[in-house]
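Structure, as structure tokens:
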Amino acid sequence: MKNFASLLKNKNKFLILGCGFSGSFFAKTVREIGCTALTSTRSENKDPNNFVFNSEKNIIPSEKIFDGVTHILSCIPPDKNGKDPVLRCLKNKLKSLPLEWIGYLSTTGVYGNTKGDWVSEIDLPNPYQKRSQKRLNCEKEWIESDLPVQIFRLPGIYGPGRSTFEAIRNKKIRVISKKDQVFSRIHVADITNAILYLLQNKDSLKYYQIINIADDEPCSQIEVIQYCYELMRLKMPKPMLFEDAKKELSPIAQSFWMENRRVSNKLLCETLGYKLIYKNYKIGLKNCFLNK
Ligand SMILES: NC(=O)c1ccc[n+]([C@@H]2O[C@H](COP(=O)([O-])OP(=O)(O)OC[C@H]3O[C@@H](n4cnc5c(N)ncnc54)[C@H](OP(=O)(O)O)[C@@H]3O)[C@@H](O)[C@H]2O)c1
């Protein structure tokens, strides 16, 4: 665990809205460093630190949930109308709080298809998919809210319990090859760690409202799958060409193959000095393999 002493010293209270894969990792880590973290899901669960927030059913957290909150992380995607669920239901509440910081997890899908070129925060977003247009609208809603928000654009998220290993074990894997196609990715631990690094050094680092969190080595899907089979000591099935596999893919799976980009992390890792824990898929997948 890195040293996040000042976050602890300030007795911060975090609300993590949308405690799914990334939110759970973040909540667990901030508790480990001694901060309070309350989390939301759409339906009730047994966790005493969890509360229900469901924008579709208009279930809004009670007033007492917000007592003493200093930091909020929203991990909730746009709703089906393309609106941000948190801003739609809670904007006025958030505006009434003395918040130090809000983090919003967005996607690098807003950059659209760059045909394999690198994209960074200074490139104009050019969303190709409808869901990415919705996402860009949500980013805009957050920026225009005048709340102290910082936006993190993420590529494919993986980590223990959600990686190619699960797809192989559950026989859901499709080994597809498409010439020159690459994907960027990020290990879930680096999302948490990078955000905490930025918070910890908030006073000494220049503030950027939009930051990519991606690893150093975008690469083809086949390389990743091949490496997983090697670690599992299994033989990888023969790859199918994308053109042949396409008709068997769901529209959403197909849509991921329609975009090809390399996401730059230079702002985070060079300008701001964050050191990735898992700088490429090999190191990250080893961690997933050992922590299955
Ligand atoms: N997965 C990826 O590879 C990827 C890549 C780039 C960006 N992102 C984005 O990054 C964020 C975090 O990703 P993730 O994979 O960690 O998310 P996730 O596991 O899918 O969790 C999403 C959370 O949002 C909650 N939620 C969804 N709709 C809601 C609504 N209308 N009202 C209230 N809560 C709602 C879910 O509630 P329940 O727990 O009740 O389901 C869940 O806790 C998301 O916005 C995601 O779209 C994901």
Side-chain angles (χ1 to χ4, degrees), residues 15-29 37-47 49-61 65 72-91 93-94 102-112 119 125 127 129-139 141-142 149-164 166-167 183-192 194-195 210-215 218 221 224 252-253 255-257 259 261 263 265 281 284 288:
L15 275 198
I16 291 120
L17 299 172
C19 195
F21 190 62
S22 314
S24 306
F25 201 99
F26 190 86
K28 177 175 77 71
T29 309
L38 300 186
T39 59
S40 86
T41 47
R42 279 173 291 186
S43 39
E44 214 139 350
N45 66 26
K46 288 187 190 137
D47 179 351
N49 293 309
N50 195 71
F51 59 92
V52 176
F53 168 49
N54 189 330
S55 76
E56 284 147 17
K57 296 190 174 160
N58 262 318
I59 307 176
I60 309 298
I65 296 290
I72 291 185
L73 180 69
S74 172
C75 314
I76 303 181
D79 66 20
K80 51 181 180 303
N81 301 315
K83 294 279 169 207
D84 185 81
V86 175
L87 288 174
R88 189 171 73 72
C89 302
L90 300 172
K91 183 156 130 188
K93 180 72 220 170
L94 301 191
I102 300 179
Y104 173 63
L105 300 191
S106 180
T107 89
T108 54
V110 297
Y111 292 117
V119 274
Q129 311 285 347
K130 207 164 186 152
R131 64 172 181 277
S132 306
Q133 284 162 10
K134 290 179 178 173
R135 181 68 77 157
L136 188 62
N137 287 338
C138 290
E139 286 192 358
E141 279 185 67
W142 274 108
V149 70
Q150 199 162 33
I151 293 170
F152 301 101
R153 290 185 176 153
L154 310 171
I157 303 169
Y158 74 101
R162 198 207 263 180
S163 71
T164 305
E166 279 69 33
F183 293 96
S184 292
R185 48 190 72 73
I186 189 70
H187 189 292
V188 68
D190 271 310
I191 302 175
T192 288
I195 293 175
I210 297 180
I211 301 177
N212 296 336
I213 310 183
D215 77 13
Q221 198 75 307
V224 169
I252 181 109
S255 72
F256 284 104
W257 289 88
E259 292 179 29
R261 64 180 165 264
V263 177
N265 62 18
Y281 72 90
C288 300

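All values below were derived from every heavy atom in this structure, side-chain atoms included, with hydrogens, water molecules and symmetry-related copies excluded. Ligands are counted one by one from 1 in listed order, and the atoms in each one are counted from 1 as well. Counting from 1, the numbers follow the sequence of the chain as shown.
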Report task. Could you tell me which non-hydrogen atom of I76 sits nearest to which non-hydrogen atom of Y104, and how far apart they are? Result -> O-CE1, 3.9 Å
Query raised in the report: Minimum heavy-atom separation for G109 to E259, with atom names?
Result: O-OE1, 4.1 Å
Query raised in the report: Does NZ in K83 sit with more than 12 non-hydrogen atoms of other residues, nucleotides or ligands closer than 6.0 Å?
Result: no
Report summary line: By side chain to side chain contact (heavy atoms under 4.5 Å, CB included), E56 pairs with (sequence neighbours left out) R42, N54, K80
Requested in this report: Give a yes or no on whether a salt bridge exists between R88 and E141, defined as a side-chain N under 4.0 angstrom from a carboxylate O.
Outcome: no
Report task. Report all protein residues having a heavy-atom distance below 4.0 Å to some atom of ligand 1; order the list by chain, then number. Result -> G18, C19, G20, F21, S22, T41, R42, F53, N54, S55, E56, C75, I76, P77, L105, S106, T107, R135, L154, P155, G156, I157, R162
**Report entry** Trace of the side chain to side chain contact (heavy atoms under 4.5 Å, CB included) decision for L94 with I102
**Finding:** CA-CA 10 Å; L94 301 191; I102 300 179; 4.1 Å; yes
